[in-house]
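The shown structure was predicted, so the numbers you read here are calculated from the model rather than taken from an experiment.
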Amino acid sequence: SGAQRDLHPFPTRRSSDLEMPVASDGESDAFSGLRETAARVLRESGVDPRNRVATARVLHDYLRFSGKYTYSLEWQPRDRNLDPLEDFVTLHPAGHCEYFAGALVMMFRSQGIPARLAIGFKGGEWNSLGMYYQVQQLHAHTWVEVYLGKEDIPPDAFDDDESPAAAWYILDPTVSIADGGGDDQRTSLLARLRHSIDYARVLWSQYIVGLNSERQQQGIYEPIWAGAQAGFQNLFGPEIWSQRLRAVANSRV
C-alpha cells in the first residue's frame with residue numbers, strides 16, 4: 001500500500017553483527033553502563049526474551065519515547081574516559097541520529113541480539129513539476145537493523161509463498177526524525193519557485209551538460225528513426241493496406 005516494510009528478507013548475517021568494542025585497557029567492560037541499562041529495561045518490561053521482535057521494540061521505545069534522551073546537533077560534553085556511546089546512554093543523553101542508532105545497536109549486541117547500523121537517507125521533498133523526490137544532504141540519516149531468524153519472523157509479516165529464511169527488522173530510535181516522511185509538502189510560492197529552479201537544473205544537467213553521443217542516440221536519433229519506420233509502415237505496409245481493403249470490402253458504402 002505504498003509503505004515500506006519494517007522487515008526485508010536477507011538470508012545470512014555476519015559474525016561482526018555481535019561484536020562490541022573492547023575497553024582501552026583490554027580488561028574492563030567498555031559498555032558496562034549501557035549493558036546494565038539494556039538489561040534493566042528488559043527486566044522491567046517483563047518481555048519474553050525469546051520474542052526477538054518484542055525485545056527489539058522495548059529497547060527501541062526506551063531510547064525514543066522515555067523522554068530521557070534528546071536530539072541535538074550541537075556540541076555535547078563527553079567524558080573522554082568513556083566510549084562516546086557509553087557516555088550518551090549513561091551521562092549525557094543528547095546527540096544526533098548516529099548516537100541514538102549506535103547506542104541501540106550496542107544495546108542489542110550486549111544482550112546477544114545481532115544488529116547493525118544502516119546509514120543513508122530518510123524522506124525527501126516531492127517535486128511535482130519533474131515528478132521526482134529531491135533528496136538532499138539534510139535528509140541524511142542513520143538507523144538500526146536487527147537480525148531475525150525464520151523462527152523470529154512474525155507469522156503475518158510475509159505471504160506464505162514468499163516467507164524468507166531470515167530478515168532484517170528496521171528500527172529508527174532517533175527522537176526528532178522518527179515521525180514524518182521528510183519535509184512537509186509546502187505549496188507556497190517560495191516552494192514552487194524552489195521546485196522550478198531545481199527542475200531547470202535537472203533538465204540542464206541531463207539534456208545539455210550530460211547529452212553525450214550515447215544519450216543523443218537514445219534520446220534523439222532512435223525515437224526519430226522509430227517514428228520514421230512507423231510512418232513508412234503506415235503508408236506502404238502491406239498488412240496495413242490489407243486491413244484497409246478488408247474494411248472497405250465489408251463496408252455498406
Side-chain angles (χ1 to χ4, degrees), residues 7-8 10-66 68-120 122 140-152 165-178:
L7 292 92
H8 58 92
F10 197 79
T12 59
R13 68 173 179 85
R14 301 167 300 177
S15 59
S16 60
D17 294 325
L18 271 172
E19 289 181 358
M20 298 187 69
V22 180
S24 57
D25 57 15
E27 297 180 359
S28 60
D29 185 358
F31 288 93
S32 58
L34 179 148
R35 190 187 305 273
E36 173 54 34
T37 299
R40 173 180 56 80
V41 170
L42 291 177
R43 281 197 311 269
E44 294 175 352
S45 71
V47 67
D48 184 353
R50 294 172 297 181
N51 188 331
R52 182 163 290 182
V53 171
T55 301
R57 292 298 309 181
V58 166
L59 293 177
H60 164 272
D61 291 351
Y62 171 72
L63 285 178
R64 178 174 163 181
F65 297 124
S66 67
K68 179 179 179 181
Y69 300 92
T70 57
Y71 180 86
S72 176
L73 291 173
E74 302 297 326
W75 178 88
Q76 301 295 323
R78 301 288 177 201
D79 186 340
R80 295 190 177 184
N81 296 319
L82 298 177
D83 184 278
L85 296 179
E86 170 79 357
D87 178 273
F88 170 73
V89 172
T90 59
L91 295 180
H92 303 101
H96 49 70
C97 59
E98 291 185 14
Y99 282 94
F100 282 88
L104 187 58
V105 166
M106 291 299 110
M107 284 177 139
F108 286 140
R109 293 184 181 184
S110 72
Q111 304 305 306
I113 301 174
R116 67 184 183 183
L117 205 66
I119 300 175
K122 180 180 180 179
H141 193 49
T142 306
W143 60 95
V144 177
E145 296 179 348
V146 176
Y147 182 80
L148 302 180
K150 191 174 184 65
E151 68 280 1
D152 302 314
W168 289 98
Y169 183 31
I170 302 171
L171 294 165
D172 184 4
T174 304
V175 170
S176 73
I177 320 176

**OP:** Heavy atoms only: give me the nearest Ala23-Asp29 pair and the separation to one decimal.
**Re:** CB-C, 4.5 Å
Subject >> Heavy-atom closest pair, residues Val47 and Thr55 >> reply: CG2-N, 3.9 Å
Subject >> Trace of the side-chain contact (heavy atoms from CB on, under 4.5 Å) decision for Met107 with Arg35 >> reply: CA-CA 6 Å; Met107 284 177 139; Arg35 190 187 305 273; over 6 Å; no
**OP:** Decide yes or no on salt bridge (Lys or Arg N to Asp or Glu O under 4.0 Å) for Arg40 and Glu36, but give the supporting numbers first.
**Re:** CA-CA 6 Å; Arg40 173 180 56 80; Glu36 173 54 34; 5.3 Å; no
Heavy-atom check, side chain of [X] versus side chain of [Y], under 4.5 Å:
{"X": "Tyr169", "Y": "Asp152", "value": "no"}
{"X": "Pro173", "Y": "Tyr62", "value": "no"}
{"X": "Gln111", "Y": "Pro49", "value": "no"}
{"X": "Tyr147", "Y": "Ile113", "value": "no"}

**OP:** Starting at CH2 of Trp143, measure out to CD1 of Ile170 and round the result to the nearest 0.5 Å.
**Re:** 8.0 Å
**OP:** Mind jotting down which residue pairs meet the salt bridge (Lys or Arg N to Asp or Glu O under 4.0 Å) criterion with at least one end in residues 94-120? Sequence neighbours excluded, please.
**Re:** Arg116-Glu145
Subject >> Aromatic plane relationship, Phe88 with Tyr69 - under 30° parallel, 30 to 60° tilted, over 60° perpendicular >> reply: tilted
Original post:
Under the side-chain hydrogen bond (donor to acceptor under 3.5 Å, both in side chains) rule, what pairs show up with a residue in residues 85-94, not counting sequence neighbours?
Top reply: Arg78-Asp87, Asp87-His92
Original post:
Please walk me through it: do Val144 and His60 pass side-chain contact (heavy atoms from CB on, under 4.5 Å)?
Top reply: CA-CA 9 Å; Val144 177; His60 164 272; over 6 Å; no
Subject >> Check against side-chain contact (heavy atoms from CB on, under 4.5 Å), Tyr99 and Leu85 >> reply: CA-CA 6 Å; Tyr99 282 94; Leu85 296 179; 4.2 Å; yes
**OP:** With sequence neighbours left out, write down each residue that passes salt bridge (charged side-chain N to carboxylate O under 4.0 Å, His left out) with Asp61, or none if nothing qualifies.
**Re:** Arg57
